[in-house]
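Reading through the structure tokens given below for one structure.
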Amino acid sequence: MSRFKVAVQVVPRRGLLDPQGKAVADALHTLGFGGVSSVHVGRHLVLDVDASSEADARKLTRQMCERLLANPVTEDFEIATVAPA
Amino acid sequence: MSRFKVAVQVVPRRGLLDPQGKAVADALHTLGFGGVSSVHVGRHLVLDVDASSEADARKLTRQMCERLLANPVTEDFEIATVAPA
Amino acid sequence: MKFGIVTFPGSNGDYDAYRAPIDALAEESVYLWHKDHDLQGADVVILPGGFSYGDYLRPGAIARFSPIMQEVTAHARRGGPVLAICNGFQIACEAGLLPGALQRNASLKFVCAPIALRVENADTIFTSRYDARQLITVPIAHGDGRYSADEETLDRLEGEGQVVFRYAPDRLQAAEAYNPNGSMRDIAGIVSTEGNVLGMMPHPERAVDPVLGSADGLALFESILQRVAA
Amino acid sequence: MTVTARPGDPTITPALVAEHGLTTDEYDRLVAMLGRTPTFTELGIVSALWSEHCSYKHSRPLLKTLPTKAPYVLQGPGENAGVIAIGDGLAVAFKIESHNHPSAVEPYQGAATGVGGILRDVFTMGARPIALLNSLRFGSLDSARVRYLFAGVVKGIGDYGNCVGIPTVAGEVVFDPAYEGNPLVNAMCVGLLKEEELMRAVAEGVGNPIIAVGARTGRDGIHGASFASEDLSEASDAKRPRVQVGDPFTEKLLLEASLELIRSGHIVAIQDMGAAGLTSSSAEMAARGDVGVVIDTLKVPAREEGMTPYELLLSESQERMLVVAKAGHEEEVVGILQKWDLTAAVIGEVIAEPVYRVVEGDRVVAEFPGIRLVTDCPTYEPEARESADVKSRRARDPHAIPERAEEADPLWTLERLLLSPTIASKRWVYQQYDHTVRTGTVIGPGGDAAVVRIRGTDRAIALKTDCNGRYVFLDPRVGAQIAVAEAARNVACVGGRPMAITNNLNFGNPKKPEVYHQLREAVAGMREACEALGTPVTGGNVSLYNENPTGAVYPTPVIGMVGLVESLAHVTRAAFTTDGDAIVLLGDNTDELGGSEYLQRIHDEVIGAPPRIDLRAEQALIDVLLEAIRAGTVRSAHDVSDGGLAVAIAECMMMDRGRLMGAQVDLSPWKALPLRALLFGEAQGRVIVSTPDAAAVLAIASRGGVKATAIGTVRASSGLLEMTIGSRKLRASVGSLADAYHEAIPRIMQRTASAQDVALASDSVV
Ligand SMILES: Nc1ncnc2c1ncn2[C@@H]1O[C@H](COP(=O)(O)OP(=O)(O)O)[C@@H](O)[C@H]1O
Ligand SMILES: [Mg+2]
């Protein structure tokens, strides 16, 4: 068993209303950052996972995303990094 | 001017209570993912930034983080990627 | 008749849901503990409002794995009535008892206000004591009430009469601002295909006594009583 | 036992003592008390317990003068909350607390944890929280920073209370440049209990275990109650978090578990770990019981590795409680906590020896002789002198201020006042608060006072926070009297008999003579008003050093009033309801203008004496109003306050936005008064009622010695405010007044709403 540091990104499914993304964009414009567009806000999760291999850690993480971390109706997830902790 | 795709991660500052991370860790344990620890939940932002260069895009992004995207009192941010869009 | 109200960690509408059948119908209520596997013979299960598990991660995401939810799901499969209110609606969607999902209000703000609803289907076990298209006033109190589903699901819900309540303009809300959370197609409440699970963001259990401003939720409990006792 | 310094602890130097906020004199007292040099841990403990926040050293002598007794007061000051009996064996516990400084740094978490703290103060008394209130002060909303603070504080209060499931039913929000840079965030909680379930935080019973309950202890907020210093314990300090993060979910579990514990009979005392955390909770419980205690810091469940006794004792991590259990009942206590997924750990014991002792395993790291730790703190009565600036402001004649050209049309002035964020509808705020949960809220926010029913009875309680800091600034004694009277008047308007108050003294640096003068005079005024109105003080909180670069905030003694509504049939609302009802003014109009919102808003002047107050007349007004309400003759009641008579009448017409009412009003009897004083002056002792039976109301008023005048008629569908003053006729559309009043704050907040939403939407709870 080794420990892996895993990062997961959960983002609103494309095409769905993203009021938070819109609010961020509006606010940035108000603050004078005019050259910003297409803002989206999702969740960033970091966790330590004990697994026998990197592949195993990845598999476990995928299962966690499918069961809990992302809502399949509205969100997509992506496993960003899996690295020895 | 070119357009860059930027990803930013904002996470709760270390040492501060992260009740959300704890709740997610507990839930994962209940679901049988016993080998998970040290869970933290933050935000993942993706945005398009118009800038003269990659360095410029990075600089703008840093300013946006400092002014708006991260709460300087309770959060740390990290610019994950800056790439031509 | 017996109402069973589930208490999840962080539920806070369980008390109101517990009182409503007792105070308004003189029927029986029992609390059901999330760690148990026992519905205590409840005829109707209420998943109440609140912030189960603090709404951490997503509202309802963690609560749906509670032991009691296995029993609630089995009860629903048997055709038993389930009334899922607010956080309960979120849990029911996460648990797959109802289609769709509830997302952050479009305003990004929690909103507590009396709200006008139109009864879209007065033919369910929950709404038989209302008139079709009746306008009622019921409080809402939520930060994540924006009902979302894909177009196909929405069309099916509408086609099958599963949309039970819709936000509607009345004297309190300007016509352009009556939808308090940005729900798709103004949906405030839906029933399952079999008609025995109702999920809704507004709080009928907070509207059973005129002294609190509205008793328009009373007919919902009376409908259940009439149909389930029959 | 011999106390030994821990390896690695800094040595005690004058600089270290000063960093801990102790004066030389205080340090000498400490050394005398111990008979030796303190250890670092001891210095930390004393700096916390003798801090202003915990010791009330600049306010205690003043607070002692407040009236605290009435036959129905079950618990006065000195406990976590005051308690009054309301009949049928039921009682209410209530208390107010400030979180001003944390909210200035981190508005969302600062306000949220303020709510958490006051909830714990109430449920530790054995009471189930049934209502939350708040009292907020910010600078001008024209500033983006202020809008950020305002949005963050409101969201923090809302998210915390909403999640725990306690309705936020009333409050007040005032915007004034005087609070720029130093917002005030006061939160009040009210709980319900059976008299026999009243629990006090008094440690007793030698051998009884002391148990830490709830969240683990982290390094947060260690600077909280005492001092700010960067280079204390070498390593982690740069990253040492200054803010505490609230976890309302854990609070909800803690609430349920604590009430279950209290009712179980397994414990003898419980107190929250608030300011100065474990130190103050354990020392205060021991002092109240006049017993000794020993705490072993190695046994305290910690969130991080390597925490020192100093850190564990002073941490202000949230959602924690300290319990004294009955010996032999530890398992039952742990069992109840486990049911709620919370942890409990025995960390100490009540001992016979009269000492306060802290050990770290085998080593004694701190030991004080008994209760002297709490009682030996010095108190101060510094020099008091009224500021010359205030004196000269008060002496100025408001009538000498020339009118602006636009004021030729008083409706212009009226609209400007309705647009003032201090007067305008606060719906933008309270829409973010769940005020209907627990199905007890008969009148929620937006009315004169909140009304929360007591289930199982026909009664209700009426609740309100109030204070006009500008009046207190101009005349602290009168201003404080008005604060009490206004709170009482509000409670009476909804049909409640004022019973008792809690208060929050928000002042500047008491070492400044002009600030101490304000404090002393305000407390005196509060005393006089509470005596006159029969509303004893059952507790409160003091927040000093509220200063910004330009000086102290307005002295703001916020009053939290609790009243009793004897029957739900008496519940009365502010809005006009019925066409043809007579409008009756109780009380009299005057030529006063000093300290008014009108002068501030229209002329940018803070001058003149605040309105006179006659406490006997206030009592008579309350009696008359309640008699008329009980007689069933009153259809609506609303007191006249900020903005004066014209604003109050307009509010009665448009408060219920879904049912705007027109009105015809004739103020000719006062046509000799300066018009702006009549319309916008803030004379005290006035209430507007609407009634189907004006004669009955006038008769009750005349018997009660209160001037009453029928001034007009409700015209449900005229859509107009029609006012006659002698030959002068004014007409305004209610719709446009309502638009100003209801949309003022949303429009301002829209300007940058998105900016705050981004920063805030992400804050954990949502
Ligand atoms: N302004 C005040 N008037 C009367 N009593 C007060 C006032 N301020 C504080 N007290 C009382 O002093 C005691 C200690 O208050 P405090 O330290 O704020 O309690 P806590 O530990 O809950 O913060 C309480 O009983 C409180 O009611
Ligand atoms: Mg306390």
Side-chain angles (χ1 to χ4, degrees), chain B residues 5-34 36-50 57-81, chain D residues 102-110 112-113 116 144 148 152 160 163 215-222 235-253 303-305 307 311 315-320 341 752 754-766:
Chain B
K5 196 150 230 43
V6 174
V8 173
Q9 269 121 38
V10 182
V11 290
R13 178 153 306 159
R14 283 231 272 158
L16 278 185
L17 186 68
D18 178 9
Q20 178 152 235
K22 184 176 172 302
V24 173
D26 290 349
L28 288 170
H29 295 161
T30 311
L31 288 181
F33 298 100
V36 173
S37 54
S38 168
V39 180
H40 292 283
V41 183
R43 277 193 308 288
H44 172 71
L45 294 109
V46 281
L47 29 153
D48 287 356
V49 178
D50 292 338
R58 193 173 285 276
K59 195 176 117 213
L60 275 169
T61 306
R62 173 166 302 278
Q63 288 171 356
M64 291 189 259
C65 287
E66 280 161 359
R67 292 202 53 196
L68 181 77
L69 303 179
N71 180 334
V73 187
T74 56
E75 296 175 324
D76 292 316
F77 66 87
E78 192 190 332
I79 301 174
T81 54
Chain D
S103 304
V105 179
E106 185 8 60
Y108 179 85
Q109 294 294 350
T113 52
Y148 168 77
Y160 204 101
C163 184
R216 291 173 169 270
T217 302
R219 287 196 169 95
D220 27 3
I222 289 173
S236 59
D237 266 349
K239 287 264 168 187
R240 179 180 283 177
R242 283 150 184 286
V243 288
Q244 296 121 264
V245 172
D247 178 6
F249 169 58
T250 296
E251 178 97 343
K252 166 70 172 161
L253 302 180
R303 210 165 70 216
E304 296 167 63
E305 307 252 303
M307 288 184 66
E311 292 171 324
S315 160
E316 295 186 356
S317 289
Q318 298 290 297
E319 291 94 20
R320 298 178 302 156
D341 301 323
T752 51
S754 44
Q756 290 108 26
D757 286 339
V758 178
L760 300 167
S762 52
D763 278 311
S764 54
V765 185
V766 280

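Scope of the values below: all heavy atoms of this structure, side chains included, with no hydrogens, waters or symmetry mates. Below, chains carry the letters A, B, ... as their sequence lines are ordered, and counting in each starts from 1.
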_If the condition is salt bridge (charged side-chain N to carboxylate O under 4.0 Å, His left out), which residues does K5(B) pass it with, not counting sequence neighbours?_
D48(B)

*Find out whether E106(D) and T74(B) are in side-chain contact, i.e. whether some heavy atom of one side chain is under 4.5 Å from a heavy atom of the other.*
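The answer is yes; the side chains approach within 4.5 Å.
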
*Hey, are the side chains of P19(B) and V245(D) touching, using non-hydrogen atoms and a 4.5 Å cut-off?*
yes

*What distance separates L17(B) CG from T250(D) OG1, expressed to the nearest 0.5 Å?*
7.5 Å

_Qualifying salt bridge (charged side-chain N to carboxylate O under 4.0 Å, His left out) pairs, either residue in residues 61-72 of chain B, two or more places apart_ = none

*Minimum heavy-atom distance V73(B)-V105(D), with the two atoms named*: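 Smallest heavy-atom distance, with atoms named: CG2-O, 3.8 Å.
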
